[in-house]
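The structure appears below as structure tokens.
Start at 1 and go down the list; that is how both ligands and their atoms are numbered. The chain is numbered in sequence order, starting from 1.
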Amino acid sequence: MTGKPVLDVRNLSVGYMTPRGFATAVDGVSLTIHEGETVGLVGESGCGKSTLAMAIMRLLGPGAYVTGGRIRIADRDIYRMGREELRQFRWTHVSMVFQSAMNVLNPVRTIGEQMVDTFRAHDPRMSKREAMERSAELLRIVRIDPARLGSFPHELSGGMRQRVVIAIAIAFKPKLVIMDEPTTALDVVVQRSILEQVMELQEQFGFSILFISHDITLVNRISNRVGVMYAGRLVEMSDSQLATEEPPLYHPYAMGLHRAIPTLDAGDDEISGIPGSPPVPLSMPPGCAFHPRCPYVRDACASIKPDLTRHGDYQIACHLTTDELRSFAHAD
Ligand code: SF4
């Protein structure tokens, strides 16, 4: 992908202070997203993907600390901004769509009141009438009748609420929108229509997307590149639709994610979960953190942490050779 980088995360580490010690949740992650690009991030719960998103927004909660690295958005280091500068920067340069619209929208205020508040918080000179007109225009863009400005969140369906949250996220034409499991709580039909709309909005407004999900099929469908996280580290980064003759390569953990996807024509013995559970941050296995679950584990894996290294068009953190990765990925 060409174009200027909109997001540049370099060697970022984030951890939490807990009563039992310091737990590293994000461990040396580097990630770049260019103008107009969609990068997906996939992994099981607790792999660090949401912590990474919150760190990018500089919205980490109490007890969470950035312990290394840096984050630049539109060429600005967000951890060097003052409070007011950061408040203006968020939503005009980077915004976020959270998983549950009900946790974002205030249940006792109408959609219109909340949208007007958002506009006026960023531009206090904007009149209420003008803010209402902009809100109505935004609702039209996400295909909701502007008459709904007078509705309370509980009077809208789950899909409509998530569309409202998306409308607010793009209100100030940000360069980057972070979407953290934006359709997880919705049924598949609504999920599909929201994703189609997100892609149309991206085409129209040109923003870049960091799309976070545990659903590798969904992420593959909408992303230009896909990163796979495990135990706080990026273990794979690849283009999702490579124009190559070669079949794709996968990190052994990503192989497990792909094999766990049910398909209409797969027999019972063709779908398999990944054995074991993800490690807890306070007791991370040494070496490759995936080694207790990996079917291809070898001696070095238990003691030497593999770096993300290039295998053709892919970057994979694994001690296996390119030929081994290829043969295991297409063994059955
Ligand atoms: Fe498996 Fe070893 Fe590769 Fe880790 S480094 S994914 S344990 S083969």
Side-chain angles (χ1 to χ4, degrees), residues 9-15 23-31 39-52 68-69 212-220 223 225-240 242 244 246-261 269-332:
V9 176
R10 283 295 116 211
N11 210 18
L12 185 78
S13 295
V14 183
T24 299
V26 173
D27 183 7
V29 168
S30 295
L31 179 70
V39 172
L41 209 51
V42 73
E44 291 163 292
S45 295
C47 70
K49 53 195 193 305
S50 292
T51 299
L52 175 64
I212 294 171
S213 177
H214 63 277
D215 185 338
I216 200 163
T217 317
L218 192 69
V219 166
N220 273 334
S223 308
R225 287 185 296 128
V226 177
V228 178
M229 278 189 81
Y230 187 79
R233 300 190 82 212
L234 201 56
V235 296
E236 179 183 304
M237 177 56 78
S238 58
D239 289 5
S240 64
L242 282 170
T244 167
E246 296 285 349
L249 284 184
Y250 301 115
H251 182 277
Y253 172 61
M255 287 180 212
L257 293 178
H258 281 277
R259 284 176 183 147
I261 300 169
D269 55 349
E270 292 174 63
I271 302 167
S272 55
I274 302 171
S277 331
V280 277
L282 278 170
S283 49
M284 236 16 128
C288 171
F290 188 56
H291 85 259
R293 305 172 76 189
C294 181
Y296 314 114
V297 62
R298 50 198 57 192
D299 289 347
C301 303
S303 55
I304 303 170
K305 217 184 242 190
D307 290 327
L308 200 60
T309 46
R310 190 157 279 287
H311 296 262
D313 292 319
Y314 301 83
Q315 291 182 74
I316 294 175
C318 178
H319 294 308
L320 299 181
T321 64
T322 306
D323 286 344
E324 286 171 326
L325 288 167
R326 180 160 288 125
S327 71
F328 292 141
H330 305 283
D332 35 47

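- Taking the side chain as every heavy atom from C-beta outward, Leu234 and Gln315 never approach each other to under 4.5 Å.
- Between atom CG of residue Leu41 and atom CZ of residue Arg225 there is a gap of 11.0 Å, rounded to the nearest 0.5 Å.
- Exactly one of Glu236, His251, Glu44, Arg293 qualifies for a side-chain hydrogen bond (donor to acceptor under 3.5 Å, both in side chains) with Tyr230. That residue is Arg293.
- If you look at atom 3 (Fe) of ligand 1, the protein N, O or S atoms less than 2.8 Å from it are Cys318 SG.
- Remark: side-chain polar atoms of His319 are not paired, donor with acceptor, to backbone N or O of Cys288 under 3.5 angstrom.
- Cys47 contributes atom SG, which lies 6.0 Å from atom OH of Tyr253 (distance to the nearest 0.5 angstrom).
- A side chain to side chain contact (heavy atoms under 4.5 Å, CB included) with Met229 is found for exactly one of Asp27, Thr51, Val29, namely Val29.
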